[in-house]
Amino acid sequence: MRWLVGWSSTASGAAAAEGGAVQPVGAQLLWADPDPLWAVGDWRPDEVRVVQADPFTRLAVLGCCAASDEELRVGLFAARGGALRHLTAWPGSYTAVTQVGRRVTVVGDLAGARPVFHAPWADGTAYATAALPLADLIEAQLDVSHLAALLACPDSPEAVGDGTPYAGVRRVPPGHALILREGIRDIVGYEPIASLAVAAPQLDADKAVDGVRDALVDAVRARLAAPRHAPHVDVRLDPGPVPGMGPADRRAARGVPAPGVGADLSGGSASGTLALLAAGLPGLPGMLGHGTEAGERLLAVTFNDLVPDAGGGRAREAELERARAIAANPRLHHVVVAAGTEALPYAALGGGPLTDEPGPSLILAERHRRRLAAGSADHLVGHGARQVIDAHPARLADLLLDRRRRHLLRPATALARADGTTAYSFVVPFTVYRAARRLARTPYREGVQAAAHRLLERRVAGEHGPGGSADAVAASLAALTWCRPGPAARWLTGEALAEVSVRLEAAAARPGTLRRPGERRADAALARHAADHRVLEQAAEVRSQRLHAPFLDNQVVRACRALPEALRVQPGARAAVLRAVLAGAGIRELPAGWGATSHASHNAAVRAGLTASVGELVDLFRAPLLADAGLVEARVVRKALRAAAEGERLPLDGLAELVSTELWLRRLLARRGTCWTGTAAPRQRAVAGGVVPRPSL
């Protein structure tokens, strides 16, 4: 795990002396007292850049940033005058920290994939891009209330707020910056927000798609233009010549990525777009002297399940066929990673690193690690494309606020067709329109209070169609709210739901938002996905490898937000936008079925993994820490796991959140050591007291 950490406090006194004696373990000092900054972890030399105008005016950029040194200096001067947004406009994914005198500014990203955390310490404020080091620094205990909110309403900022699993450690919201002046903190937004009363001016659809194309091309080019890195290889681990195994197979068995740049190729539109763009841009995707044909071809990796029940039937076969058709590009070198039950979801939960926070992707870590180990040192993934391009169902209410009723016809009709031709499907358009109109007319405060009442009354079960099974229409209707319970809420205790309800009531009492419901819900879903992507990066990390998600870059998020709402809500909008992006880059021949969703194959793999590992999962919840904290009843969760393994239609994503949170708690409490050293370093690690049963309300 790589992170940066620093603090700001008074320039004199005991606090400064104490702060000078504490240092993070294995840190690289970027600048010293009175407001020090360190980079911690296995940062590459080109990932840490510092420019300065004078000894007290400087800028540090950590991550993949395509800006030149001169552009960084211009950004430093702009930030000195208060133009923080300028620091977020360069292609790439990075964190920027400026120091102007005693004013320190840490700028987060728009999606939340590069978060910023802060905590009070030593008469000032400490900040970091990871929450666990700050929890160690202040010796924080576990915030069980936050875990309850994360399970009950994971996509609702009103419930989760700016908290973390560690008491006293707070998160800077996406699209905001943390400003410290001699230890006094201030959080400001750098992105303009559209008013609820007046719609923001929208670009023409063609110009907006051109903007997405330019942003994606720049994002991919930023990765291709970065220095190439050859992973460190220990020859003692090489098994040598093995019948049937080539160098690439032996490298994957060691868990060492190939040199150069590679990409996922799942057959989906997002990963396929990135792979084709990376293969088609000028430059060598690989590294000279390494790999197939001196590295001139982009390494494209496809994962294939060998378990019959995990393939998703025809949907998975169609994905593989599309991946093979895309890989016919002469600049792509296609590698298929096949695995059996050992790579199903929920497999190999006993090991794995401790991540900064819990996330549903923990159950998929081993599956992703096997695929990534066959990838490259810099590996492109299509995560986030659905969240930044597709329209959240709540955007239908935004269209009604703008009096664009006719644009609701096509998405409502597509929802009716998605569940087959039934008598119920004929009333779907009217049902969807009525739900969207209700949301458009519901004030923010009333919407949040309604969600709080649902939690108190335990009306948290998933929405269902007429046949009793969850369907696309019911899911969309449930999403047409300001705030709603998550899929794991049905298994939480009444005490936990009541505490989250109190959080929602408190949020409703605060001044209401001026944003439209669709925009707010879409940004919350993006932030949730970006946080889980960060968990995946840490849980499935392969040594000497970097994961790149261009769809989560600032400039790509901005370009996608500029897409007209009327375009985004149409069926197949994501595939149409990405097809236009590729056409603008000169790539027009795409396989049949391009743009088909992959939900069926993913759900099939999750259910197969749950069935194969149900015994271990039941044992995991024999005496769960979540039950000790008062969040769940072990008997209820064990019953749900067995029922889901037997084929009962239960929300699998809710079970994944419960399992991953329990797994994360066990890894956290089994942890040894601390992130800090020095004479005044904390004497105990974070949450040293363990999980304490919550007092009754």
Side-chain angles (χ1 to χ4, degrees), residues 64 93 113 216 219-220 222-224 248 252 255 257-281 285-286 291 297-305 312 315-316 318-329 331-339 343 345 361 364-389 529-530 532-534 536-537 539-542 545-553 556 574-575 578 581-582 587 590-591 594-599 601-602 605:
C64 176
S93 178
L216 273 176
V220 174
R223 275 74 179 187
L224 293 176
V261 181
D264 271 358
L265 185 58
S266 64
S269 57
S271 62
T273 298
L274 296 179
L276 290 173
L277 286 178
L281 290 176
R297 295 195 291 174
L298 183 90
L299 181 62
V301 181
T302 300
F303 186 85
N304 183 24
D305 274 304
R316 183 56 181 164
E319 285 185 17
L320 293 175
E321 287 301 323
R322 288 194 296 271
R324 294 188 185 100
I326 295 173
N329 187 309
R331 294 203 69 186
L332 287 175
H333 174 57
H334 195 204
V335 173
V336 178
V337 179
S361 61
L364 306 170
E366 179 62 20
R367 183 180 183 86
H368 287 292
R369 194 199 67 80
R370 289 176 176 268
R371 184 190 81 250
L372 297 174
S376 300
D378 290 277
H379 198 74
L380 299 171
V381 294
H383 296 173
R386 181 166 64 90
Q387 284 72 22
V388 299
I389 298 179
H529 178 81
D532 193 47
H533 169 75
R534 182 170 171 267
L536 175 64
E537 278 187 301
E541 183 178 16
V542 176
Q545 186 181 68
R546 299 290 187 269
L547 280 188
H548 301 278
F551 285 101
L552 298 178
D553 289 1
V556 178
R574 187 198 334 162
L578 295 180
V581 167
L582 292 175
I587 303 170
L590 297 174
W594 170 268
T597 60
S598 59
H599 297 302
S601 58
H602 173 74

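Everything numeric here is computed off the predicted structure, so don't read it as measured data.
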- Query: Passes side chain to side chain contact (heavy atoms under 4.5 Å, CB included), L320 versus V336? Steps please.
  - Reply: CA-CA 9 Å; L320 293 175; V336 178; 5.5 Å; no
- Message: Applying side chain to side chain donor-acceptor pair (under 3.5 Å), can you list everything that pairs with R574, at least two apart in sequence or on another chain?
- Response: D390
- Item | Stepwise side chain to side chain contact (heavy atoms under 4.5 Å, CB included) test for L590 and L276 | CA-CA 10 Å; L590 297 174; L276 290 173; 3.9 Å; yes
- Task: Taking all heavy atoms of I326 and all of G272, pick out the closest pair and write down the distance.
- Result: CD1-CA, 4.3 Å
- Message: Distance check, rounded to the nearest 0.5 Å: L299 atom CG versus L265 atom CG?
- Response: 10.5 Å
- Got a sec, which residues hit side chain to side chain donor-acceptor pair (under 3.5 Å) with Q545, two or more places apart in sequence or on another chain? none
- Task: Measure the CH2-CG distance between W594 and L578 for me, rounded to the nearest 0.5 Å.
- Result: 6.5 Å
Run the side-chain donor-acceptor check on residues 381-389: report pairs under 3.5 Å with partners two or more places apart or on a different chain.
{"from": "H383", "atom 1": "ND1", "to": "H533", "atom 2": "ND1", "distance (Å)": "3.0"}

- Item | Side chain D264, main chain S266, donor-acceptor under 3.5 Å | no
- Least distance between heavy atoms, L298 atom then G262 atom: CD1-CA, 4.0 Å
- Query: Stepwise, does the side chain to side chain contact (heavy atoms under 4.5 Å, CB included) test hold for V542 with L547?
  - Reply: CA-CA 9 Å; V542 176; L547 280 188; over 6 Å; no
- Distance in Å, L536 CG paired with R367 CZ, rounded so as to fall on 0.5 Å steps: 12.0 Å
- Got a donor-acceptor contact below 3.5 angstrom from the R546 side chain to the D378 backbone? no
- Item | A113 to A530 - nearest heavy-atom pair and separation | N-CB, 3.6 Å
- Nearest atoms (heavy-atom pairs only) where A605 meets D305: CB-OD2, 4.2 Å
- Message: Would you say that H379 contacts P257 through its side chain, given a criterion of any heavy-atom pair below 4.5 Å between the two side chains?
- Response: no
- Query: Could you give the distance from CG (L281) to CZ (R331), rounded to the nearest 0.5 Å?
  - Reply: 8.5 Å
- Task: Would you confirm whether D532, through its side chain, and S361, through its main-chain N or O, come within 3.5 Å as a donor-acceptor pair?
- Result: yes
- Message: As an exercise, state the distance from CD1 of I587 to OG1 of T273, rounded to the nearest 0.5 Å.
- Response: 8.5 Å
- Item | L372 CG to E541 CD distance, which is reported to the nearest 0.5 Å | 10.5 Å
- P550 versus L274, closest heavy-atom pair with distance: CD-CD1, 3.8 Å
- Task: Only counting residues at least two apart or in another chain, list the ones meeting side chain to side chain donor-acceptor pair (under 3.5 Å) with S376.
- Result: none
- Residues S93, H548; criterion side chain to side chain contact (heavy atoms under 4.5 Å, CB included); working and verdict: CA-CA 8 Å; S93 178; H548 301 278; over 6 Å; no
- Taking only residues two or more places apart in sequence or in another chain, which ones pass side-chain contact (heavy atoms from CB on, under 4.5 Å) with A325? P591
- Would you please name every residue forming a side chain to side chain donor-acceptor pair (under 3.5 Å) with R534, sequence neighbours left out? D356
- Please say which of L582, D553, V556 ends up in a side chain to side chain contact (heavy atoms under 4.5 Å, CB included) with L216. V556
